[in-house]
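Contents: one structure, followed by commentary.
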Amino acid sequence: KENCFVPTSEIIAVEETELNKKQRNIGKWQKMAKPHAFTVYYVKKARNHRWRCSDVTFWCVDEHLCNQWIQALKELLEMQKSRPKQLLVYINPYGGKRQGKSIYEQKVAPLFSLASISTDVVITEHANHAKDNLFEVNINKYDGVVCVGGDGMFSEVMHGLIGRMQKDSGIDQNNPKAPLVQCNIRIGIIPAGSTDCICYSTVGISDPVTSALHIIVGDCQPLDVSSVHHNNTFLKYSVSLLGYGFYGDILKDSEKKRWMGPMRYDYSGFKTFLSHHYYEGTISFQPAKHTVGSPRDKDSCRTGCYVCKKSEQQLAEQHKECGLKHEEDEEEWKVIKGKFLAINAVNMSCACPRSPKGLSPAAHLADGSADLILVRKCSRFDFLRYLVRHTNQDDQFDFSFVDVYRVKSFQFTSKLSEDNESNVTDIGKKRFGQFCRDHPACCCNIANSTWNCDGETLDSSAIQVRVHCQFVKLFARGIEENSKDEAAYSQSSIEQLL
Ligand SMILES: Nc1ncnc2c1ncn2[C@@H]1O[C@H](COP(=O)(O)OP(=O)(O)OP(=O)(O)O)[C@@H](O)[C@H]1O
Ligand SMILES: CCCCCCCCCCCCC/C=C/[C@@H](O)[C@H](CO)NC(C)=O
Ligand SMILES: [Ca+2]
C-alpha cells in the first residue's frame, strides 16, 4: 500500500520473478491463469543517511508485456554510464573488529552480484599488500577499487593508486612542487575499521550496505588530498586528519594496543588527555584566498556543495591565468610561534561516530583547502571543555586558546629541531635531550610529538604540506541534506515512475 518514487539512477537491478504456487494463490493474482512477474530492486533511503536495498514485484497476465517491461528497464540501467562493471576489492581482515571479510561476504558481495558487478577480491596478508599490488595490476581493467577496512586501509589504497599514476607518468613524488597527475579511478570504502572517518564524512554514516549501494549506483565525490614532505623527501598523502600533539600522541600510544580493537583509541585518548603534553614550534601557512567559505561558517559541505564547485572554478581560472608555480610562490606566508596541545589540519570535517560533526564542522571535501586548528597551551579543564565540544552542538572554536585558519599550504618545525639545527655544538643538549623548562625538578624530557596522518604515524616532525584540490575520487556523493526528500522518497510511488 506504500507509494514510492524511485529515480532510475537509484534502481539497483531488474529481474524476472519465478512465482511459486503459494504466491500465485494470493490476492487478485489467483484469478490469473498463469501470471508473469518482474522485481525491481531499488535504493530505499532511511533515516540518518542510511540506504537499504528494497524491492517491489510487478505481476501481469501478458508474458510479452512483462518481458517488454524487463527489457525497457534493463536498457535504462545500461544507460547509467557512471556505474562500475568490474571492481578490484581489497579486504583487510584485521581492521577494526576484524570483521572485514564477513562484512564483505555477507553484506556486500550479494549486492554486487545482484547489480551484475564482477569483482577480483584480494584478502590482504600484511600491511602494504594492497599498496604494492596496485603497482602491479592491470589497473585499466577496472572501473574502481574498493577497500574493506578503515581509514588506514583507504590510505593504503589511495597511496597505491596515486603512486602508480605518478610512476606511470614519470613524476617524482619527492619534489614538493611537482605537478602531480590526477587519479581518476574511483575508490569505494566499505567501512570495517576503528574510526571510519573518511567514510562517515563523505556518506554521513558508517554502514557497509549504504556504502555498497553508493558504489553500485556509480556515485562520484572528489576529495582534496594533502601531500606531506620533509625537505625534499615525500612522506605521505592525507585526506582526513594531519594531527600533531594530542592526536599524534593518541595514535602512537594506541598502535601498541591494536589487540584492543577500536577501544584502543578510548584507552589511549584518556591516557593522553591526562598526560597533557604541549609542544613548542613554529607553524607557517598560506591562507586559502580562493575559497568563498570560512571555517566559522554555519553551513556544512553537502551533496552538490556550492563552495566546492566555486573553488574548483576559481583554481582552474588561476592556473590558466598565471600558472600554479608562479602564483603559489608569491603569496604571503603567516608565521605563528607557540606552545600547542594540538595542531590539527583537516581536509574534511573528520566527522565520525565518536564526533558526529567532526573536528571542523564547516570544512569542505573538495574546496582545495584544509582547516588548520591550533589549540594552544591551556589548563586541563579548558582542554576537556574543548574536547567535549566535539561531541555536542556547541562551537569548538569559540575559545581564546583555539585559532582556526583555512589554508592551502603550511609548514611546521618543532622548537626541538629548530634548536638542534641552530645549536649543533651544544653536545649536552644533543646527548641528553632537552629538559622541560617549566618543571626543572621533575626533569621530564620534552621530545617531539608524532604526526598522525590519517591514522598512520609520520617519521618526521618537520613537515611541508600542500593541498591538491579534488585530487582523488570516491564512490560517494557527499552528505545529503536531511530534507523533505527523505519523506518524499518513502511516500511517493514507484508505480508513477513505471
Ligand atoms: N593483513 C594485514 N595484516 C596486518 N595489517 C594490515 C593487513 N592489511 C592491511 N593492514 C594494515 O592495517 C592498517 C589498519 O587498518 P584499517 O585502517 O583497516 O583498520 P583500523 O586501523 O582498525 O581502522 P581506522 O583506520 O579506521 O582507525 C592499515 O594501515 C593497513 O596498512
Ligand atoms: C573526554 C571527551 C573526549 C571526546 C573526544 C572526541 C573526539 C573524537 C574525534 C575523533 C577523531 C577524528 C579524526 C580522525 C582521525 C583518523 O584519521 C584516525 C584514523 O582512523 N583516527 C584517529 C582516532 O586518529
Ligand atoms: Ca577541503
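Quick note: numbers below take in every heavy atom, side chains included, and nothing from hydrogens, waters or symmetry partners. As the structure lists them, so they are numbered: ligands from 1, and atoms in each ligand from 1.
Among the candidates Phe383, Phe273, Phe340, Tyr279, the single residue satisfying the ring-ring contact (aromatic ring centres under 6.0 Å, His included) test with Phe246 is Phe383.
Judged by distance alone, with hydrogens and angles left aside, the side-chain atoms of Asp207 form a donor-acceptor pair with the main-chain N or O of Thr210 at under 3.5 Å. Under a 3.5 Å cut-off, the side chain of Gln396 and the backbone N or O of Leu359 do form a donor-acceptor pair.
Considering backbone and side-chain atoms alike, Gly96 places an N or O below 3.5 Å from some N or O of ligand 1. In terms of N/O distances under 3.5 Å, ligand 2 is not approached by Asp196. Annotation: Asp151 places an N or O atom under 3.5 Å from an N or O atom of ligand 2; distance criterion only. Remark: ligand 1 and Gly150 share an N or O pair separated by less than 3.5 Å (distance only, no angle test). Close N/O approach between Met153 and ligand 1 is found [any backbone or side-chain N/O within under 3.5 Å].
Residue Gly149 approaches ligand 1 through these ligand atoms, each under 4.0 Å from one of its heavy atoms: 18 (O).
A salt bridge does not link Asp454 to Lys236: none of the charged side-chain nitrogens sits closer than 4.0 Å to a carboxylate oxygen.
Distances from ligand 1 to the non-hydrogen atoms of His129 include no value under 4.0 Å. Between Asp454 and ligand 2 there is a heavy-atom distance shorter than 4.0 Å.
Distances from atom 24 (P) of ligand 1 to the heavy atoms of Ser194, Pro262, Ala192, Ser240 put Ser194 nearest.
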